[in-house]
Amino acid sequence: MAATNGKFYVTTPIYYVNDTPHIGHTYTSVAADTLARYHRCRGEDVFYLTGTDENSQKNVEAAEKAGYQDIQSYLDMMSGKWRSVFSELGLTFDDFIRTTEERHKKAVDKFWRAVKANNPDDIYLGEYVGLYCVGCEAFVNRSDLVDGKCPIHKKEPKAIKEKNYFFRLSAYRQKLLAHIDSHPEFIQPEARRNEVRSYIDKFMEDVSISRETMKWGIPVPDDPKNVIYVWFDALINYLSGIGYGTDEARFRRLWPADVHLVGKDIIKFHCALWPAMLMAAGVELPRQVFAHGFFTVDGDKMSKSLGNVVDPLVVAGKYGMDTLRFFLLREIPFGGDGDFSMKRLAERYANDLANDLGNLLHRVLSMTEKYYEGKVPSDGGGCPDAPKDQEEAWQTYDKAMAVLDFAAVLDLIWEHLRWDNKHIDEVKPWVLVKNDRKELDKVIYYLLEHLRHVAWMLKPVMPVVAEKMFDQLGIAAGEAKKTWDEARAWGGMRENATISKGMPLFPRLEDK
Ligand code: MSP
């Protein structure tokens, strides 16, 4: 998604804190972080919001199970953990919103009142009689159940009969369909759009947005014995996190969100309920909701009972966070489903990273040391096609980033790395050094300059590796000052600059 007016606002879902982050949550956050870094490279005013969803019954049950009498102190402890894991993973979020914060409560209050003021009939009192799955935090139909249980959480839903406030979602059916049809970019990928469209068209009904029997949550304005349904409150985080109700100037600068990244499991909340809520409150809609797929671990659903839940800190500790980022974005097509396997990760580490990228850099720097005493040669008259080819590569790169096709971004880079490796084998610099110095200058300059471009292309996905590449190419200080256009222009490596070959980028793990 391109930026609006030079700003780029990206969000992740806010996470439930009944457990610590696993690799599935890390996936959404890594994608958001990559986008945020890419748009920062472009010089845009980027805002990346993440946070924790705290008014959920799941959290309350987890707190009680953990022996906490004071729910808030459990939430403080767990939310702190999420935040510190995300920081440890190097994620560059600009704010971390918690739905138990005062600023969020104020925003929710303002939003509810805005809906009532704009459309007095859109929130009405009714009686809810039906089933509720705490795992999904959603009302479920009997027809959704398998053997009387929720097919996802394998638990019997609770039977509920209580007075609730309802949101007149059905009144927005035609408006939502019209918006989806006239904004094909609103729901991505396309398969998800069709799924949501048919849900809105055929199944969407009014939704209960308060609970009478629950104690934990944000009170309904003017009727504080009821608390607001967790999804109605949680979605508003995308507004409260940028100042709605507390800092209107900041809110106006950043809203609408350029992209909400979500997993496919929560697409209906984001593409039906959320836009309808915004329409009701008179707030502009986000520009895009992009739903990624789910992945299994070694072919199985990730679950505590199977004992196959992957801890991102363990993987990052062994292979480095950049390897984990690379693997998640390269292995699982963004928008589709996939599988996570440590065996595949080890293979990609050895082949794609250590071999194709690490060895190439090492080879080129070694030749620069050996043939040029570690100084960048002249470009030997240059390769006439190089600037044009590189410019085309950048255009392909931008197009792939604009549609969040991270695998295509990485494929493009690796196609180039493999070409470079093959090129070295074909032109044989070790022969050129004896009989064609000028041609050797050309080859080595080309490779060094090309690696500089590769480092820039990798920067949003593998920020630590990119920095190490700049260091070893001896250009870290200079590159840090460049604008995006300067960085992408051919010829950035300066003749006679000194390289600084270091340790291999991806050491063999036995050596670690
Ligand atoms: N709290 C809600 C979101 C509210 S947003 C207003 C929620 N939280 S969650 O913690 O359960 O999930 C957050 C995200 O993690 C979801 O987008 C979900 O898709 C993602 N993932 C959880 N497990 C996953 C996989 N196994 N694979 C890929 N993504 C997964 O839902």
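Here the structure is a predicted model, which is why all the values come from computation and not from measurement. In each ligand, atom 1 is the first atom listed, and ligand 1 is the first ligand listed.
For an aromatic pair to be called close, the ring centres must be under 6.0 Å apart, and Tyr27 with Phe334 satisfies this. In this structure, Trp112 has its ring center under 6.0 Å from that of Phe232. Aromatic pair Tyr349/Phe327: ring centres not closer than 6.0 Å. Taking the six-membered ring for Trp and the full ring otherwise, Phe8 and Tyr38 have centroids separated by 6.0 Å or more.
Judged by the shortest distance from any of its heavy atoms, Gly293 lies inside the 4.0 Å radius around the atoms of ligand 1. Ligand 1 lies within reach of His292, whose nearest heavy atom is under 4.0 Å from it. For the ligand labelled ligand 1, residue Phe269 lies outside the 4.0 Å heavy-atom shell.
What sits closest to atom 20 (C) of ligand 1 on the protein, heavy atoms only, is Thr28 OG1, 3.9 Å. Here the heavy atom of the protein found nearest to atom 15 (O) of ligand 1 is His25 CD2, 3.5 Å. Protein heavy atom in closest approach to atom 17 (O) of ligand 1: Gly263 N, 2.8 Å. For atom 31 (O) of ligand 1, the closest heavy atom belonging to the protein is Ile266 CG2, 3.7 Å. With hydrogens left out, the protein atom closest to atom 19 (O) of ligand 1 is Asp265 OD1, 2.7 Å, a heavy atom. Residue, atom and distance of the protein heavy atom nearest to atom 14 (C) of ligand 1 are Tyr15 CE2, 3.8 Å. Remark: minimum distance from atom 26 (N) of ligand 1 to any protein heavy atom is reached at Phe295 O, 3.4 Å.
Residue Lys264 has no nitrogen or oxygen atom sitting less than 3.5 Å from a nitrogen or oxygen atom of ligand 1, judged on distance alone. Taking only nitrogen or oxygen atoms, main chain and side chain alike, Asn237 does not reach within less than 3.5 Å of ligand 1. Residue Pro13 has no N or O atom closer than 3.5 Å to an N or O atom of ligand 1. Residue Phe294 has no nitrogen or oxygen atom sitting less than 3.5 Å from a nitrogen or oxygen atom of ligand 1, judged on distance alone. Below 3.5 Å of separation, one finds an N or O of Ile14 facing an N or O of ligand 1. No N or O atom of His270 sits closer than 3.5 Å to an N or O atom of ligand 1.
Atoms of ligand 1 found under 4.0 Å from any heavy atom of Asp53, numbered from 1 in the order shown, are 1 (N), 2 (C), 4 (C). Atoms of ligand 1 lying under 4.0 Å from any heavy atom of Trp231, numbered from 1 in the order shown and given with element: 2 (C), 3 (C), 4 (C), 5 (S), 6 (C). Each of the following atoms of ligand 1 lies closer than 4.0 Å to a heavy atom of Met302: 26 (N). Less than 4.0 angstrom separates some heavy atom of His22 from each of these atoms of ligand 1: 22 (C), 23 (N).
In this structure, Lys268 and Trp231 have side chains that are not in contact, with every pair of non-hydrogen atoms separated by 4.5 Å or more. Between Leu278 and Tyr238 there is no side-chain heavy-atom pair separated by less than 4.5 Å. Looking at heavy atoms from C-beta onward, His104 lies in side-chain contact with Asp233 at the 4.5 angstrom threshold.
Note: His183 and His179 have parallel aromatic rings, judged against thresholds of 30 and 60 degrees for the angle between ring planes.
Under 3.5 Å, the side chains of Tyr124 and Asp206 contain a donor-acceptor pair of N or O atoms. Side chains of Glu162 and Asn164: a donor-acceptor N/O pair is present below 3.5 angstrom, by distance only. If you check the side chains of Thr50 and Thr12, you find a donor sitting under 3.5 Å from an acceptor. For Gln72 and Asp76, the side-chain atoms include at least one donor-acceptor pair closer than 3.5 Å. Under the 3.5 Å distance criterion, with hydrogens and angles disregarded, no donor-acceptor pair is assigned to the side chains of Glu54 and Tyr16. In summary, the side chains of Arg103 and Thr246 do not present any donor paired with an acceptor at a separation below 3.5 Å, with no hydrogens or angles considered.
In Glu137, neither the side chain nor the backbone holds a heavy atom less than 4.0 Å from any atom of ligand 1. At a heavy-atom cutoff of 4.0 Å, ligand 1 is contacted by the side chain of Tyr238 but not by its backbone.
With Tyr16, Trp82, Phe232 as candidates, the residue nearest to atom 10 (O) of ligand 1 on a non-hydrogen basis is Tyr16.
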